[in-house]
*Asks:* 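This is the structure, below, for whatever I ask next.
Letters A, B, ... mirror the listed sequences (proteins, then strands); counts begin at 1.
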Amino acid sequence: MDDEPRLYRPRPRELPTNDERTLLASLNPDQARAVTFGDAPLLVIAGAGTGKTRTLVHRVAFLIERGVAPERILLLTFTRRAAAEMLSRAERLVGPAGARVHGGTFHSVGHRLLRQFGGAAGLPADFTIMDQGDAQDLMQLARGAQGHAKSAKRFPKKETLHYLYSRHVNTELPLDELLHREVPHFLEYEEQITALFADYTLRKQERNLVDYDDLLLFWATMLEASPDLAARIAGLYDHLLVDEYQDTNLLQARILRGMCSTHRRLTVVGDDAQSIYSFRGAHFRNILDFPKQFPGTTLVTLAQNYRSTAAILTLSNTLISRAEERFTKDLWTARDGGEKPWLVTAKDEAQQTRFVVDRVLQMHEGGVPLREMVVLFRAGYMSADLEIELTNRKIPFEKWGGLKFLEAAHVKDVLAFLRVSDNPRDEVSWYRILMLMPGIGDSTARALMASMQERAWDPDAFTHLIAPPRAREAHRSLATLLRQLRGVGAVPAGEEGGARVASDIAAIRALYDAILKEKYDRPEARLADLDQLRTISASYPSRTTFLAALALDPPSSTQDLAGGSESESDALVLSTVHSAKGKEWKAVFLIWAVDGWFPSSRAVEDPDELEEERRLMYVALTRAKDELAIVYPMQVYGTRRGADYSIDQLSRFLDRGVRATMQRIVVEEPGEPPAPTPAPAGQPAIDLRAIMRGRFTK
DNA sequence: TTTTGAAGTCTCTCC
DNA sequence: GACTTCAAAA
């Protein structure tokens with residue numbers, strides 16, 4: 001493993017061009033102060049666009065320059081995208097040594113440490129990671145065993161149960177208080193819920209399964225419960241740097257305390273105005289309490305924004321000034337001017353889509369690469385209409401966030417086969433594949449699993465089970481496949497590693513494709529997904545690595561790219577606001593700025609949630625460098641019950657004062673026939689300039 | 001006991 | 001508009 005502790009030995013200089021002076025030359029005094037800070041806790045409050053990542057990356061370079069071994073630096077972030085960005089920038093700045101810096105999301109680092117040290121804490125090394133869907137399915141199995149499956153009274157559903165469980169773990173709130181706060185109408189079930197959670201925990205243990213929360217919980221526990229383990233784990237690193245600290249929760253704070261038990265070289269960076277992950281148990285108080293948690297903390301504040309024009313910043317500052325609680329100051333910029341951001345009123349969704357597409361093409365023709373533009377929205381599904389239009393017009397795009405490739409049912413199906421061969425006790429996957437087989441339903445599946453449990457999940461157990469007559473056929477073909485997957489008999493030469501996983505998938509598909517075609521109306525796209533899965537699998541050394549990587553670092557949707565080659569293509573980015581955090585674009589379009597959509601109607605009841613929505617919109621607006629357009633359709637069809645359409649209102653966050661910092665744009669009706677024909681392939685934008693000229697009135 | 005068809009239920013954000 | 005759950009039929 002490459003996580004073995006290494007000696008702290010002086011290294012030859014690897015930075016001929018980046019001595020400390022050039023390293024600091026590009027930084028402002030506040031940034032430089034943070035970068036060169038010594039060996040004590042450091043809290044950097046850094047507003048949007050103030051060079052937060054830059055500061056962090058330079059600090060890494062500075063530490064390496066000072067002789068700290070790169071592999072003894074740990075960079076923790078919250079999202080995969082941020083982790084990848086941070087590490088690649090470090091490498092660019094520092095050179096090859098930068099690639100040796102350790103880092104990743106809290107979950108992926110936790111995973112690495114568990115594989116390495118879990119054995120010493122009684123966790124078998126070959127555990128399987130469950131994603132959220134799997135965890136919910138396991139919760140459902142436990143729920144069913146308790147007999148709520150068909151009870152008349154309403155008992156919380158598996159999603160709610162899992163949410164409560166996860167919240168309980170991450171916020172450390174006692175269960176009764178949590179129920180009282182989140183779901184008071186379920187308070188009467190407190191006892192059953194407690195029992196259910198105990199069963200869920202037990203099932204995880206028996207089945208050798210680990211959920212996302214466990215990756216953090218076990219990490220924290222190893223640090224707290226065993227001084228010996230704590231010393232070994234904390235001893236791996238001399239410096240810890242944490243990005244987006246406002247999105248951490250109490251559990252993660254515990255981990256940091258444990259990791260810094262032998263030293264106090266901890267740097268955290270964040271912005272309370274961008275705290276948008278409370279649904280994961282994060283609270284921006286965490287960043288404010290940091291000095292209390294780590295006495296002697298030094299505070300550095302970054303307030304100069306280098307990203308946005310003054311006009312965009314005025315809008316963002318005005319919007320966030322309405323926040324109930326606020327700790328960071330307004331940002332300022334040396335960039336002056338800039339066009340006032342647009343507030344675009346569209347008649348309906350179709351017109352909103354047309355506006356965005358036309359404007360994107362217009363800017364593209366003006367020389368802005370597609371990749372420099374982004375369309376942002378509150379939730380993944382809100383871009384559906386836009387995606388269709390972009391596909392029709394052959395404009396390449398890439399979607400971030402929203403439904404993931406491996407959350408698709410057919411992908412999970414195939415993975416389930418791999419997972420039972422990887423971990424024969426994986427009950428969730430067993431249930432899944434058994435239910436796929438013709439002639440096997442819920443009760444047969446449960447009975448078969450019970451028999452296997454009696455045989456201690458012996459890998460051969462399934463073959464020797466006696467299936468009910470109508471499931472004979474299914475049982476036999478499944479048993480044959482599983483034997484094949486377990487590699488009974490010789491592994492063909494040259495089929496170690498990735499080729500092995502790919503051939504496993506081929507074997508699975510020999511059985512599964514027929515089932516898939518039966519199950520879905522239009523199987524083509526789904527079959528293509530499976531091709532993709534096999535391609536991806538080829539780059540992983542083993543089945544176990546492949547499965548773990550999929551859970552922690554899943555590839556995004558397969559239908560990302562509409563036209564254009566997959567690799568270096570210039571593509572418009574569509575993203576949820578959450579997934580866009582930390583990034584910046586020349587031009588930003590925020591769509592669906594409709595009250596009830598953004599803020600989400602689920603959030604308007606609760607003041608705290610509403611405040612979080614406001615911060616979320618702040619995050620969206622501060623992504624823009626030069627141009628910003630907020631779009632909202634006035635009529636929304638078919639969303640409210642009882643009416644064909646409803647007249648919706650502009651988001652409440654864009655009040656009169658905020659609107660005063662914007663300019664209103666009205667999209668004109670297009671000509672009589674409502675443009676049903678997509679542009680012909682090849683040259684989509686040929687006549688657009690003419691159309692565009694007449695479309696906007698200021 | 002499984003399958004199939006119909007009614008019902010919410011819609012998010014991420015690891 | 002997709003997916004789950006429920007009820008009746010095979």
*Asks:* Would you mind reading off the distance between E159(A) atom CD and dC3(C) atom P, rounded to a whole angstrom?
*Replies:*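 Distance, rounded to whole Å: 13 Å.
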*Asks:* Could you check whether N208(A) and D126(A), counting side-chain N and O atoms only, form a donor-acceptor pair closer than 3.5 Å?
*Replies:*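 D126(A) vs N208(A): donor-acceptor pair found between side chains.
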*Asks:* Calculate the interatomic distance between Q136(A) atom CD and dC14(B) atom P; express it in whole Å.
*Replies:*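 Result: 15 Å.
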*Asks:* Taking 4.0 angstrom as the limit, do E182(A) and R167(A) come out as a salt bridge?
*Replies:*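 Salt bridge flag = yes for R167(A) with E182(A).
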*Asks:* Under 4.0 Å between a side-chain N/O of S108(A) and OP1 or OP2 of dC15(B), yes or no?
*Replies:*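 For dC15(B), neither OP1 nor OP2 has a side-chain N or O of S108(A) closer than 4.0 Å.
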*Asks:* Please state the C1' separation for the pair dT5(C) and dC12(B) - nearest whole angstrom.
*Replies:*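 Their C1' atoms lie roughly 22 Å apart.
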*Asks:* Once you round it to whole Å, what is the distance between C1' of dT1(B) and CZ of R446(A)?
*Replies:*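 Taking atom C1' of dT1(B) as the reference, CZ of R446(A) is at 14 Å.
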*Asks:* Determine the contact category for I440(A): base if any of its heavy atoms lies under 4.0 Å from a base atom, sugar-phosphate if only primed atoms, P, OP1 or OP2 are that close, otherwise nothing.
*Replies:*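 Sugar-phosphate contact only.
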*Asks:* For the side chain of T79(A), counting heavy atoms from C-beta on, which of dT5(C), dC14(B), dT11(B) is nearest?
*Replies:*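 From the listed options, dC14(B) comes nearest.
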*Asks:* Respond yes when some side-chain nitrogen or oxygen of T105(A) is under 4.0 Å from OP1 or OP2 of dC14(B), and no when none is.
*Replies:*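 No.
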*Asks:* Return no unless some side-chain N or O of R602(A) is found under 4.0 Å from OP1 or OP2 of dT11(B).
*Replies:*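 So the side chain of R602(A) is within the cut-off, an N or O lying under 4.0 Å from OP1 or OP2 of dT11(B).
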*Asks:* How do S600(A) and M437(A) order along DNA chain B: which one's closest nucleotide is nearer the 5' end?
*Replies:*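 Upstream on the strand: M437(A).
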*Asks:* Give the nucleotide from the list dC12(B), dC15(B), dC10(B) with an atom nearest to the side chain of K157(A).
*Replies:*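 Of the options given, the side chain of K157(A) lies nearest dC10(B).
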*Asks:* Counting only side-chain heavy atoms from C-beta out, which of dT13(B), dT5(C), dC15(B) sits nearest to K158(A)?
*Replies:*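 Shortest atom-to-atom distance from the side chain points to dT5(C).
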*Asks:* Can E85(A) and K583(A) be counted as an ion pair, charged N to O under 4.0 angstrom?
*Replies:*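 Looking at K583(A) together with E85(A), the answer is yes, because their closest N to O distance falls below 4.0 Å.
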*Asks:* Figure out the CE/P separation between M382(A) and dT11(B), and round it to whole Å.
*Replies:*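 Rounded to whole Å, this separation is 13 Å.
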*Asks:* Nearest to the Y277(A) side chain among dC15(B), dC14(B), dT11(B), which nucleotide is it?
*Replies:*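 The listed nucleotide nearest to Y277(A)'s side chain is dC14(B).
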*Asks:* In this structure, how many angstroms lie between the P atom of dC10(B) and the OH atom of Y381(A), rounded?
*Replies:*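 Result: 14 Å.
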*Asks:* Does the structure show F106(A) stacking with dC15(B), if we require the centres to be closer than 5.5 Å and the planes to be within less than 30 degrees of parallel?
*Replies:*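 It does not: the two rings, one from F106(A) and one from dC15(B), miss the stacking criterion.
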*Asks:* Specify the separation, in whole Å, of atom CZ of R378(A) and atom P of dC12(B).
*Replies:*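 Spelled out: CZ on R378(A) to P on dC12(B) is 10 Å.
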*Asks:* Could you please name the option among dT1(B), dC15(B), dT13(B) that lies closest to any side-chain atom of S443(A)?
*Replies:*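 For S443(A), the side-chain atoms sit closest to dT1(B).
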*Asks:* Looking at R432(A) and D413(A), is there a salt bridge between them, counting it only when a charged N and a carboxylate O are closer than 4.0 Å?
*Replies:*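 Between R432(A) and D413(A) there is a salt bridge, with a charged N closer than 4.0 Å to a carboxylate O.
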*Asks:* To the nearest angstrom, how far is L114(A) atom CG from dC15(B) atom C1'?
*Replies:*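 In whole Å, dC15(B) C1' and L114(A) CG are 14 Å from each other.
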*Asks:* So that I can tick it off, tell me whether R285(A) and D272(A) are bridged by a salt bridge, with the cut-off set at under 4.0 angstrom between side-chain N and carboxylate O.
*Replies:*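 So D272(A) does not pair with R285(A) through a salt bridge.
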*Asks:* In terms of the nearest nucleotide of DNA chain B, which residue is placed more toward the 5' end: H578(A) or G441(A)?
*Replies:*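 Final value for this comparison: G441(A).
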*Asks:* Distance check needed: dC12(B) P versus E612(A) CD, whole Å only.
*Replies:*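 Computing the E612(A):CD to dC12(B):P distance gives 16 Å.
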*Asks:* Regarding R115(A) and the six-membered ring of F127(A), is the cationic atom NZ or CZ under 6.0 Å from the ring centre and inside 45° of its axis?
*Replies:*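 Because its charged atom sits under 6.0 Å from the ring centre and within 45° of the axis, R115(A) does stack over F127(A).
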*Asks:* What is the nucleic acid contact for P468(A), judged by heavy atoms within less than 4.0 Å: base, sugar-phosphate only, or nothing?
*Replies:*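 Since no nucleic acid heavy atom lies under 4.0 Å of P468(A), the category is nothing.
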